[in-house]
Amino acid sequence: MTTDYTEMWREIGLNLENHAGLLGVLSDAYKNIYLSQKSRPKGMEYFDFVISEVHGLRIKEIYEAKESGRKVVGTFCVFVPEELVLAADAVHIGLCAGAEIGSEEAEKFIPRNTCALIKAFMGFKLAGLCPYVELTDLLVGETTCDGKKKAYEIFDQITGKVYVMDIPNMKSESGRDLWHREVIRFREKMESIAGRKITVDDMRRGAALANGKRRALQRLSRLRGADPAPISGLDALLVNQVSFYDDPVRFTEMTNRLCDELEERVKEGTGVAVKGAPRILVSGSPMAIPNWKLHAIIEGSGAVVVGEESCVGERNHRSLLDESFATDEEAMKNMADRYMKIDCACFTPNNERLDNINALREKLKADGIIHYALQFCTPYMMEAHKVEKAVGNTPFLRVETDYGMEDTGQLQTRVQAFLEMIS
Ligand code: BJ8
């Protein structure tokens with residue numbers, strides 16, 4: 001960062017000492033993992049810049065948006081209808097965190113055996129490290145896994161601004177009805193936050209923005225099907241992570257520009273790894289920024305990650321919202337339908353996920369699947385068994401880990417043995 005943002009961080013209420021430590025660690029990790037990669041597309045320079053300003057310029061933009069009267073809404077799950085946030089002209093930020101920070105603070109409120117993702121969003125807040133959380137007017141939780149459900153109750157005691165969407169456990173008729181009503185209730189909540197009605201035109205505008213991002217990410221996903229892969233898994237993961245907090249118009253434009261370049265690379269046969277390098281599909285729990293551990297290990301071992309079957313990946317952008325609505329009712333129905341397609345392991349049964357993984361494996365020509373579950377993430381740990389059976393003869397490795405670095409050596413050994421087996 002070239003600008004000094006200390007005054008802004010002080011005003012927001014961050015713990016300046018802890019925060020300086022966090023930025024130092026992030027910057028070192030980024031240099032080691034990202035900037036050392038070979039043959040990166042030029043279009044990644046924009047994303048390098050975004051990371052260098054992750055708590056700088058983007059926070060300044062949001063701060064200014066707030067001063068101009070816009071609201072800021074933070075979410076933790078891809079179930080929260082982003083288009084309704086955008087329709088209310090609010091800023092939408094995905095708040096999940098991928099670093100082991102503030103765990104000790106978090107463990108004063110939640111059990112030790114809670115997944116790292118939950119500990120991190122609590123920990124970042126409690127340690128005074130997250131400017132995004134501080135700037136939000138509303139934090140939207142959801143009833144997905146038990147850990148999140150109960151953590152939101154505590155998070156509301158701490159922040160006083162949590163709203164929870166009721167997500168059904170089953171995609172039954174009554175489950176779908178419940179969800180439809182929840183989408184309407186969320187729209188009303190957004191109207192009360194924004195202090196005005198959300199019109200059909202507003203929703204069209206929100207839908208176009210959200211779908212624009214999804215189309216760009218779908219394009220990126222398709223391009224990763226080429227051999228040699230034109231972009232590393234690390235870089236593609238980063239683009240997906242940045243999609244949760246960047247300005248949607250700028251993000252879409254820069255991702256499409258990156259894809260233009262990747263199309264050229266595919267035509268020329270330029271790749272980030274040699275043609276024929278093992279191609280890995282990573283599937284499972286979401287990898288929030290800056291959780292790059294598994295990708296760094298896989299790609300550091302000579303393979304290339306060609307896809308993420310996760311919420312920071314395909315599950316977030318696989319389906320578009322049907323924009324052909326003309327009335328309020330149609331808009332609500334289309335939104336409810338679009339989100340009910342999400343194949344999160346919190347549902348029972350969740351057979352669509354198995355079909356989606358097989359389709360993705362074929363589309364990306366993956367040689368093997370690494371199933372990734374955060375420790376204590378019961379839904380994904382449990383579902384690994386069904387995934388392994390569903391992918392048949394495709395080589396499959398099950399990994400459970402957290403945000404810490406203690407198991408890096410052990411993971412490296414397991415991943416390398418897996419890749420040798422594939423070769
Ligand atoms: S739609 S995956 S974003 S709930 S890792 S907190 S599941 S114990 S994040 Fe998720 Fe929405 Fe589902 Fe996606 Fe719980 Fe697992 Fe932790 Fe998780």
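Atoms within each ligand, like the ligands themselves, are counted from 1 in listed order. No hydrogens, no waters, no symmetry mates; every other heavy atom, side chains included, goes into these values.
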Notebook entry, point to check: Any idea which part of Ile118 is under 4.0 Å from ligand 1, heavy-atom wise: side chain, backbone, both or neither?
Noted result: side chain
Next item on the list: Would you confirm whether the ring centroid of Tyr152 sits within less than 6.0 angstrom of the ring centroid of Phe76?
Entry: yes
Check: Can you name the side chain to side chain donor-acceptor pair (under 3.5 Å) partners of Thr199, sequence neighbours left out?
Finding: Asp202
Checklist line | With Ala208 via side chain to side chain contact (heavy atoms under 4.5 Å, CB included) - residues at least two apart | finding: Glu323
Margin query: Can you see whether Tyr5 has Lys60 sitting over its ring - NZ or CZ less than 6.0 Å from the centre and within 45° of the normal?
Written below: no
Item checked: Polar protein atoms near atom 11 (Fe) of ligand 1 [N, O or S; cut-off under 2.8 Å] -> Cys77 SG
Checklist line | Residues in side chain to side chain contact (heavy atoms under 4.5 Å, CB included) contact with Asn334, at least two apart in sequence or another chain | finding: Leu321, Asp322, Phe325
Check: Which residue and non-hydrogen atom of the protein lie closest to atom 8 (S) of ligand 1, and at what distance in Å?
Finding: Cys377 CA, 3.5 Å
Margin query: How far is atom 2 (S) of ligand 1 from the closest protein heavy atom, and which atom is that?
Written below: Tyr380 OH, 3.3 Å
Notebook entry, point to check: Using the benzene-type ring in the case of Trp, are the ring centres of His19 and Trp9 under 6.0 Å apart?
Noted result: yes
Notebook entry, point to check: Which is it for Tyr132 and Phe124 under the ring-ring contact (aromatic ring centres under 6.0 Å, His included) test, yes or no, and what are the steps along the way?
Noted result: CA-CA 10 Å; Tyr132 293 99; Phe124 266 78; over 10 Å; no
Item checked: ligand 1-proximal atoms of Cys145, by part, heavy-atom distance under 4.0 Å -> side chain
Check: With a 4.0 Å cut-off, strictly under, does atom 17 (Fe) of ligand 1 pick up any protein heavy atom?
Finding: no
Note to self: With heavy-atom distances below 4.0 Å as the criterion, list the atoms of ligand 1 near Cys115.
What the structure shows: 5 (S), 6 (S), 8 (S), 16 (Fe)
Check: Any idea which heavy atoms bring Ala87 and Arg196 closest together, and the distance?
Finding: O-NH2, 3.3 Å
Item checked: Enclosure of Lys161 NZ (heavy-atom neighbours >12, cutoff 6.0 Å) -> yes
